[in-house]
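Working notes for the structure below.
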Amino acid sequence: MKTCRNCGLGIEDSNDLISCFKYKTLSNSQEEKCDCLYFIERIVEDSEPLPPIQHLLLVEQELGKRKMKISINNGLRM
């Protein structure tokens with residue numbers, strides 16, 4: 001389930017609210033975020049989650065790869 005609580009970009013705030021590192025918004029921690037392009041599961045290394053900035057860099061890198069594949073495939077003519 002894609003919720004801000006499960007996202008690596010979510011920063012826990014008070015009153016069961018989550019702050020999004022990317023969009024700088026507050027949302028309910030249980031709210032479903034099916035259409036969020038920047039959702040990324042929390043990555044844990046050495047029993048500590050990566051900081052939100054590292055999660056953001058990983059997501060942006062992945063989005064850049066997808067865009068490159070689309071632009072390369074659209075440019076091929078047969």
Side-chain angles (χ1 to χ4, degrees):
M1 181 183 329
K2 289 184 176 182
T3 63
C4 292
R5 181 173 297 288
N6 299 334
C7 182
L9 300 177
I11 301 168
E12 290 191 39
D13 213 15
S14 60
N15 301 331
D16 201 33
L17 292 176
I18 302 291
S19 174
C20 179
F21 185 78
K22 167 67 179 168
Y23 294 112
K24 310 294 187 241
T25 58
L26 287 175
S27 68
N28 182 332
S29 62
Q30 301 304 319
E31 187 177 338
E32 184 74 25
K33 297 288 186 175
C34 294
D35 57 347
C36 182
L37 285 176
Y38 283 86
F39 177 84
I40 182 171
E41 291 284 337
R42 287 186 192 265
I43 299 171
V44 178
E45 290 184 353
D46 298 327
S47 70
E48 286 197 26
L50 293 178
I53 186 69
Q54 288 182 316
H55 281 98
L56 181 61
L57 292 172
L58 290 171
V59 171
E60 287 180 342
Q61 181 180 27
E62 185 61 33
L63 289 173
K65 285 181 191 177
R66 286 189 218 161
K67 185 175 181 181
M68 180 118 177
K69 283 182 185 177
I70 291 170
S71 65
I72 290 172
N73 290 337
N74 287 342
L76 294 177
R77 306 250 187 246
M78 295 192 165

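Index from 1, following the sequence.
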Q.
Between Arg5 and Asp16, is the salt bridge (Lys or Arg N to Asp or Glu O under 4.0 Å) condition met? List the steps.
A. CA-CA 9 Å; Arg5 181 173 297 288; Asp16 201 33; 2.7 Å; yes

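No continuous path of hydrophobic side-chain contacts links Ile18 to Phe21 [ILVMFWY only; heavy atoms under 4.5 Å]. Following chains of ILVMFWY side-chain contacts shorter than 4.5 Å, one can reach Ile43 starting from Leu37, so the two form part of one hydrophobic cluster.
The OG1 atom of Thr3 sits 10.0 Å away from the NZ atom of Lys33 when rounded to the nearest 0.5 Å. With rounding to the nearest 0.5 Å, the separation of CG in Asp13 from SG in Cys20 is 12.5 Å. From Ser19, atom OG reaches atom NZ of Lys22 across 13.5 Å, with rounding to the nearest 0.5 Å. One finds the CG atom of Leu9 at 9.0 Å from the CZ atom of Arg42 (value rounded to the nearest 0.5 Å). To the nearest 0.5 Å, the span separating CG on Leu58 from CD1 on Ile53 amounts to 10.5 Å. The distance from the CG atom of Leu26 to the CD1 atom of Ile11 is 10.0 Å, given to the nearest 0.5 Å.
Minimum heavy-atom separation, Cys7 to Tyr38: SG-O, 4.2 Å. Nearest heavy-atom pair, Leu50 versus His55, reported as atom, atom and distance to 0.1 Å: O-CE1, 3.1 Å.
Checked by atom type and distance alone, the side chain of Asp46 never pairs as donor or acceptor with a backbone atom of Glu48 at under 3.5 Å.
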